[in-house]
Amino acid sequence: MKQPIPRAADEEAIAAANSADTRCDRRRVLGVLAGLGVGTTVWQRALAAQVEERGRVTAEMIRQAEWISGIELSEEDRESTARSLRRTLRNFQELRDTDIDYSVPPAIHFQTAAGTDSTPGVARNRAALSESASPQRPMSDDALAYLPVRELAALVRTRQVTSQELTRLYLKRLRKYNPMLNCVVTYTEETAMRQARRADDEIAAGHYRGPLHGIPWGAKDLISYPGYPTTWGAPQFREQDTGATATVARRLEEAGAVLVAKLALGALAQGDQWFEGRTNNPWNPEQGSSGSSAGSASAVAAGLVGFAIGSETHGSIVSPCRRCSATGLRPTFGRISRHGCMSLSWTMDKLGPITRSVEDCALVLDAVHGRDGLDPAAIDRPFDWPAARELADLRVGYVETDTPADQRAELSVLRELGVRLVPIELPRDLPVGAILVMLDVEAAAVFDELTRRGDTEGLNSWPATFRRSEFVPAVEYLRAARGRTLLMRAMEPVMEKVDLYVGGDDLAITNLTGHPTVVLPFGTHERDGVRQPNSITFTGRLFGESDLLAVAHHFQGATGDHLRHPPLDELLAKHRETSTDD
């Protein structure tokens, strides 16, 4: 008798019966099917025989299920999708094995347009510099280019340097070093010079907008600005001009900042590979700059812009800042509006500054945070800089490691600063990796059209993820969202003990829970004959950026590793020699 083809409604039964990448026995399959009450006894035995025979998800099963998702795959894609789904089924089982009470809702928030207030309720552009800043203009252009925003702002405000001078300097450096770093997608020179002239005129007339007035910046090329392509790093969108002004770009323009370039990102915000190749680490151009805020971190670390805006869904600010030895802030989810920016995961995407100092992150955050009535996730919460609390009043957590606490360099610095150190344990009993299926499914939904028409060239490893995610049931997505709620709840008692914590190997956890993290250079290592700073992270309470940045700022001042700069001219000479030889 011909065996029945499994229906879509029976996928959960098959997955439960086939949770591991091993062959399944008939008795186990029958037990699962009977327990689930699926089908008649005859049907159960027929299906059990089929699963027993095949033992795991196969390309043929994928072919049979294609009608559900409305796509048609090649045989090669069916094979790769089957392999990926076998891993996904194991993740499903981890979540099924997690005890989630019926009362636990999914971690999904939706707010209608009618429920938003288009008038922001928090003040911006009111940050004061933490200390008196009155530097003298450096003797060399290189030294000027590497100054943090805090010092550049003082020079521009006192008219020792004009915005137009600074803009021309950064445009010149971008063009000089971009052949080596490959960090620029589009120069915005016409807009930049117009904005710089306006800044100089306003400052000369006594109308000073604040620390970002006249400071050149670069936008990760998923941030829309009219008149220029917003390519998302992908060949499919190379000519795309959305005509929109992203809220973050509009607010920076209102603060007087000068947009000089759209900076590279890995295709569709993945990695450092985009349609013009790889973006490189300015300390070692033979190495990629990591991603996906690849161009933003590379350009800032190389002194090619005053600051940049990046984005993070699962490491895209922290990772390239680590690689390039830049300072970056991934703010609390909902702190900065994402309107006018590419969506990857509606429930995880975050924008944040990449700079040369922690205080610069605070100055940029002050200009761009708060609700705009256009991104329903963006909300108003106070942000104060300088922070009001004394360091001695702050509790800084740390996760214990094999190295004794009294021998850890970062804890020694924190003790000297006078904070109270508290040992903590981060949640480790929930399947965080499995919960991240939410990111894959949301990304697949965003770019479903590309998958359906088979237009996936140049998208790094996204195509496999997109195809696999087409077969994830809604039940499993929502199960993951409920697991995410448990993770968020598990972080609450941890953060009740401390105001922030240092380190912790928490990238996946905190991107799912939405907690803010700042990354900064600390310590050094040598690679390929070049000594480059390592990095360290601090993570704060939800909307606790004031305390988080205060501790990180003082830590950075005590260590000074952010003052190191890559030997660009030496590396550029080697790059030119290599290019000539090729």
Side-chain angles (χ1 to χ4, degrees), residues 105-127 191 195 209-213 217 219-228 230 232 240-257 259 262 269 307-313 317 329-353 361-385 438 442-443 445-446 481 488 511 513-516 541-546:
I108 297 174
H109 171 75
F110 175 76
Q111 187 175 43
T112 65
T116 63
D117 180 359
S118 60
T119 304
V122 296
R124 288 188 300 277
N125 296 311
R126 64 175 187 174
T191 293
Q195 291 177 338
R209 295 174 182 259
L212 303 187
H213 202 173
W217 70 286
K220 182 175 180 176
D221 198 30
L222 52 65
I223 299 170
S224 294
Y225 194 86
Y228 299 99
T230 300
W232 302 349
Q240 174 182 242
D241 181 353
T242 68
T245 301
T247 293
V248 68
R250 175 175 58 80
R251 286 181 171 169
L252 287 172
E253 192 166 15
E254 291 169 353
L259 177 63
K262 306 290 291 297
F307 67 93
I309 299 293
S311 70
E312 175 156 326
T313 307
I317 288 175
L329 171 66
R330 183 195 73 218
T332 304
F333 178 83
R335 175 66 95 167
I336 298 174
S337 170
R338 303 160 300 176
H339 170 70
C341 302
M342 187 197 89
S343 295
L344 187 66
S345 167
W346 298 284
T347 67
M348 293 180 68
D349 293 343
K350 300 160 285 284
L351 298 176
C361 286
L363 299 177
V364 176
L365 178 62
D366 175 62
V368 299
H369 75 101
R371 180 171 55 186
D372 64 348
L374 300 170
D375 176 357
I379 63 175
D380 287 333
R381 289 293 187 274
F383 173 69
D384 299 312
W385 190 262
M438 294 184 69
E442 291 180 34
V446 174
M488 295 164 73
N511 269 292
T513 61
H515 287 81
R541 290 181 168 183
L542 296 173
F543 298 99
E545 282 87 351
S546 295

Any donor-acceptor pair under 3.5 Å from D349 side chain to L344 backbone: yes
Heavy-atom donor-acceptor pair, R335 side chain to G352 backbone, under 3.5 Å: no
Rounded distance [0.5 Å steps], CG in D372 versus CZ in R338: 10.0 Å
Under 3.5 Å side-chain donor-acceptor pair for H339 and S337: no
Taking every non-hydrogen atom, the tightest pair across P353 and C361: CG-O, 3.7 Å
Non-hydrogen side-chain atoms of K350 and I317 separated by less than 4.5 Å: no
Whether E545 side chain and T332 backbone form a donor-acceptor pair below 3.5 Å: yes
Sub-4.5 Å side-chain heavy-atom contact between T245 and S224: no
Note, F307 side chain near L252 side chain (heavy atom, < 4.5 Å): yes
Distance in Å, F333 CZ paired with I379 CD1, rounded so as to fall on 0.5 Å steps: 9.5 Å
Nearest-0.5 Å distance, NZ of residue K220 to CH2 of residue W232: 13.0 Å
Carboxylate-amine/guanidinium contact R330 E312, below 4.0 Å: yes
NZ/NE/NH1/NH2 to OD/OE distance under 4.0 Å, D384 and R126: yes
CZ-CG distance between R251 and L212, expressed to the nearest 0.5 angstrom: 13.5 Å
Y228-T191 side chain donor-acceptor pair, cut-off 3.5 Å: yes
Flag, side chain of D366 to backbone of A127, donor-acceptor distance under 3.5 Å: yes
Closest contact, heavy atoms only, A246 versus G340: CB-O, 3.7 Å
Mutual orientation of the aromatic rings belonging to H369 and F383 [parallel < 30°, tilted 30-60°, perpendicular > 60°]: perpendicular
Taking every non-hydrogen atom, the tightest pair across I223 and C341: CG1-SG, 3.9 Å
Spacing of I336 atom CD1 and L365 atom CG [to the nearest 0.5 Å]: 5.5 Å
S345 backbone acceptor or donor facing S343 side chain under 3.5 Å: no
CD1 on I309 to CG on L259, rounded to 0.5 Å: 10.5 Å
K262 and T230 side chains, donor-acceptor separation under 3.5 Å: yes
Donor-acceptor contact present, side-chain E442 to main-chain T347, <3.5 Å: yes
